[in-house]
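Some notes on the structure that comes next.
All heavy atoms count here, side chains included; hydrogens, waters and symmetry mates do not. Residue numbers count from 1 along this sequence.
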Amino acid sequence: MPEVSAFHAFIALLPILAVMAFLVVLRWPATRAMPVAYLMTACFALVFWDVAPVHVAAASIRGTIIAVSLLWIIFGAILLLQTLSESGAAASIRQGFMDVSRDRRVQLIIVAWMFGAFIEGASGFGTPAAVAGPLLLALGFPALAAVMCTLIIQSTPVTFGAVGTPILVGMAESLNVETVETAIAQAGIPYTEFIYQIGVFAAIPHAIVGTMIPLIICCMMTRFFGASRSFKEGLGIWKFALFSGLAFTVPYLLVAIYLGPEFPTLLGALFGLAVIVTAARRNFLLSGIEPWDFPPRQRWQPEWMGTFSGEVGAQKAPMALSRAWLPYVLVAALLVLTRLPALPLKAWLASIQISWTDILGTGLSQGLQPLYLPGTIFLVVSLVTAALHGMSGAQVRKAWSASARMLAGPAFALVFAVALVRVFIDSDVNASDLQSMPLELAEFAAAVAGASWPFFAAMIGALGAFVAGSNTVSDLMFSLFQYGVADRIGVSHVVVLGLQALGGAAGNMITVHNVVAASATVGLVGREGLLIRRTIYPMVYYVVAAGLLGLLFSYVTFADRF
């Protein structure tokens, strides 16, 4: 490896190290860390990659437009929660969950793991945290616990989120080049079948590794938010937690094998939700287990709570549980109806765009689809809820004003976080003949790893998601590179690409703008580093376990596959 490649790989790594150092080591809030990290990345692009200043500016503008899309989703999620709190529906929902189980571990599995996975399958793009996080807050969870756990579950469901977008768009579009298509044709495999097989080989390690996630979130919750700070209390429902993992991952894997990449998460979560709620009601695998709860609120540490306390108070008027849940049912139904490719709604809503093409004459373009964004669905449902629940004008105004106030801090951090991402990724247009920063870093890593690359393939996918905040973008960025590495070392392409897709999902646990966005929905600002310090452990478990499976699949089990 030439010295210059190692040097440029190190420079490309510095923005990532800076973000981790500022947030995790120095414990700066994102509102301070992200502007500094953005300036560092911009300087590296200008000095070491010889990117034109106008191109850096255009990439930054592109990031700002993307940040506006994210902020619209956050605002809608906060507004829905505030509307439900004002109407009294949140109190009714809380009581309904208490009637299913008073055990916070069971509530966590149902809301975060199962319901969050269902929302991921329908919408993706960080929406589960925007829905499940506020719902957990309304149930009486500390804001920090709600965000931590909803971030951890953004792993197994994500590869097939948004009706399979990371595979069908991220993977399929990246590999849609002549060299790959020719090689696949020579192997006698249709291109669509190749993409389908990648989905299958992503689902297999996901199902194995992901089955542990419900148990992990229970243990993390009891360790950091319990009165006795013990992992043991989380392990106390290990049978129910593992059953909950299998209730999702088994149908998830079967759907990936027999139906393809569109519906593993959606149908797996729908099946699992029905099974787990029924099991909890009948006390299946829970008999003789003492319900676990948080310590009294007055003993909560200040860092656990955000600007929105989550106190839902008493019901303003008697409200049936079905009526209280109707807004979430509407959100789920509208997300599904507007995401299914077979229905005309998706194409119509996505066709309405506000775009800036050829930004500053650089050839970069970015747009947003205001009607297609989940934030619009949250907004519509919030307005419908105000009518259905008979809210007064004063209650509606209070919900809107509280939501707007909660958005200020996250907005500042998100703009710089996403601008940093776009400068990092768009550094491929330069006068130095270098690839983009992430590709230079990945190429160096592959050269060092050699034949052991399958162990590291998921880590590169996670790196892409950490930087870009998206499994889809990680796949777009690294899939062709991963294919090339598999080709050079003579291992199965579909296994390595499946590991890329898996890693792109796992990286969502720690990606900065997911952390900022999820925190914002529960009024938690300035604790981003603390969240990353905790969620990085399950992320490391995920990619290391997947890497070991990758070595097994590459050199033993599936060694002869294309």
Side-chain angles (χ1 to χ4, degrees), residues 104-121 124 126 128-129 132-133 136 141 145-161 202-225 231 233-253 256 264-266 268-273 275-276 279-280 285 458 461-462 465 471 499 501-511 514 518 531 534-549:
R104 297 297 192 177
R105 298 165 297 185
V106 176
Q107 294 173 6
L108 177 65
I109 289 170
I110 294 172
V111 176
W113 175 241
M114 288 300 185
F115 188 58
F118 175 75
I119 296 298
E120 175 65 35
L136 288 171
F141 281 62
V147 175
M148 181 187 75
C149 294
T150 52
L151 285 170
I152 294 170
I153 70 96
Q154 289 192 71
S155 47
T156 315
V158 173
T159 291
F160 303 103
I204 293 171
H206 257 317
I208 296 169
V209 180
T211 297
M212 296 295 294
I213 290 296
L215 183 59
I216 288 172
I217 59 175
C218 288
C219 290
M220 295 281 285
M221 180 175 69
T222 60
R223 169 63 181 83
F224 293 110
F225 301 96
F231 285 121
E233 292 177 327
L235 290 169
I237 62 164
W238 68 270
K239 293 179 183 178
F240 184 83
L242 292 180
F243 175 70
S244 301
L246 291 169
F248 172 66
T249 57
V250 170
Y252 166 97
L253 178 58
T265 294
L266 195 66
L270 195 60
F271 175 84
L273 189 60
V275 168
I276 292 307
L285 299 178
N471 193 169
L499 293 168
L502 177 146
N508 278 266
M509 296 190 218
I510 60 167
T511 182
N514 268 8
L531 282 163
R534 291 181 180 173
T535 56
I536 198 168
Y537 292 112
M539 192 279 291
V540 169
Y541 149 74
Y542 216 97
V543 295
V544 169
L548 294 172
L549 290 171

Cation over ring, Arg223 on Tyr537, under 6.0 Å and within 45°?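 Geometry flag: not set, cation outside 6.0 Å or 45°.
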
Quiz item: cation-pi between Arg105 and Phe240, 6.0 Å / 45°: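 No; the conditions do not both hold, so Arg105 does not lie above the ring face of Phe240.
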
Show the nearest heavy-atom pair for residues [X] and [Y], with the distance to one decimal.
| X | Y | result |
| --- | --- | --- |
| Ala247 | Met114 | CB-CE, 3.9 Å |
| Met509 | Ser155 | CE-CB, 3.5 Å |
| Ala202 | Leu502 | O-CD1, 4.3 Å |
| Thr265 | Ala117 | CG2-O, 3.1 Å |
| Pro214 | Ala241 | CB-O, 3.5 Å |
| Val543 | Ala458 | CG1-O, 4.0 Å |

Hey, could you give me the [atom1]/[atom2] distance between [X] and [Y], rounded to the nearest 0.5 Å?
| X | Y | atom1 | atom2 | answer |
| --- | --- | --- | --- | --- |
| Leu108 | Cys218 | CG | SG | 5.5 Å |
| Ile208 | Leu548 | CD1 | CG | 11.5 Å |
| Leu273 | Trp113 | CG | CH2 | 12.5 Å |
| Trp238 | Met212 | CH2 | CE | 10.5 Å |
| Met220 | Thr535 | CE | OG1 | 7.0 Å |
| Glu120 | Asn508 | CD | CG | 7.5 Å |

Within the distance-only criterion (no hydrogens, no angle test), does the side chain of [X] pair as donor or acceptor with the backbone N or O of [Y] below 3.5 angstrom?
| X | Y | value |
| --- | --- | --- |
| Tyr252 | Thr156 | yes |
| Tyr541 | Val209 | yes |
| Thr159 | Ala505 | no |

I'd like to know whether Phe271 forms a side chain to side chain contact (heavy atoms under 4.5 Å, CB included) with Val250, so could you lay out the CA-CA distance, the side-chain angles of the two residues, the decisive distance to 0.1 Å, and finally the verdict. CA-CA 10 Å; Phe271 175 84; Val250 170; over 6 Å; no

Looking at residues at least two apart in the chain, or sitting in another chain, which of them share a side chain to side chain donor-acceptor pair (under 3.5 Å) with Thr249?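 Thr249 satisfies side chain to side chain donor-acceptor pair (under 3.5 Å) with Thr211 only.
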
Side chains of residues 146-153: which donor-acceptor pairs under 3.5 Å do they make with residues two or more places apart or in other chains?
from: Thr150; atom 1: OG1; to: Ala146; atom 2: O; distance (Å): 2.8
from: Thr150; atom 1: OG1; to: Val147; atom 2: O; distance (Å): 3.1

If we only count heavy atoms from C-beta on, is the Arg104 to Phe225 side-chain gap below 4.5 Å?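 They are not in side-chain contact.
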
Greater than 12 external heavy atoms within 6.0 Å of Phe243's CZ: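 Yes, because the 6.0 Å sphere around CZ of Phe243 holds more than 12 heavy atoms from other groups.
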
Report the C-alpha distance between Phe248 and Val275 in whole Å, list the side-chain angles of each, state the deciding distance to 0.1 Å, and finish with yes or no for side chain to side chain contact (heavy atoms under 4.5 Å, CB included). CA-CA 9 Å; Phe248 172 66; Val275 168; over 6 Å; no

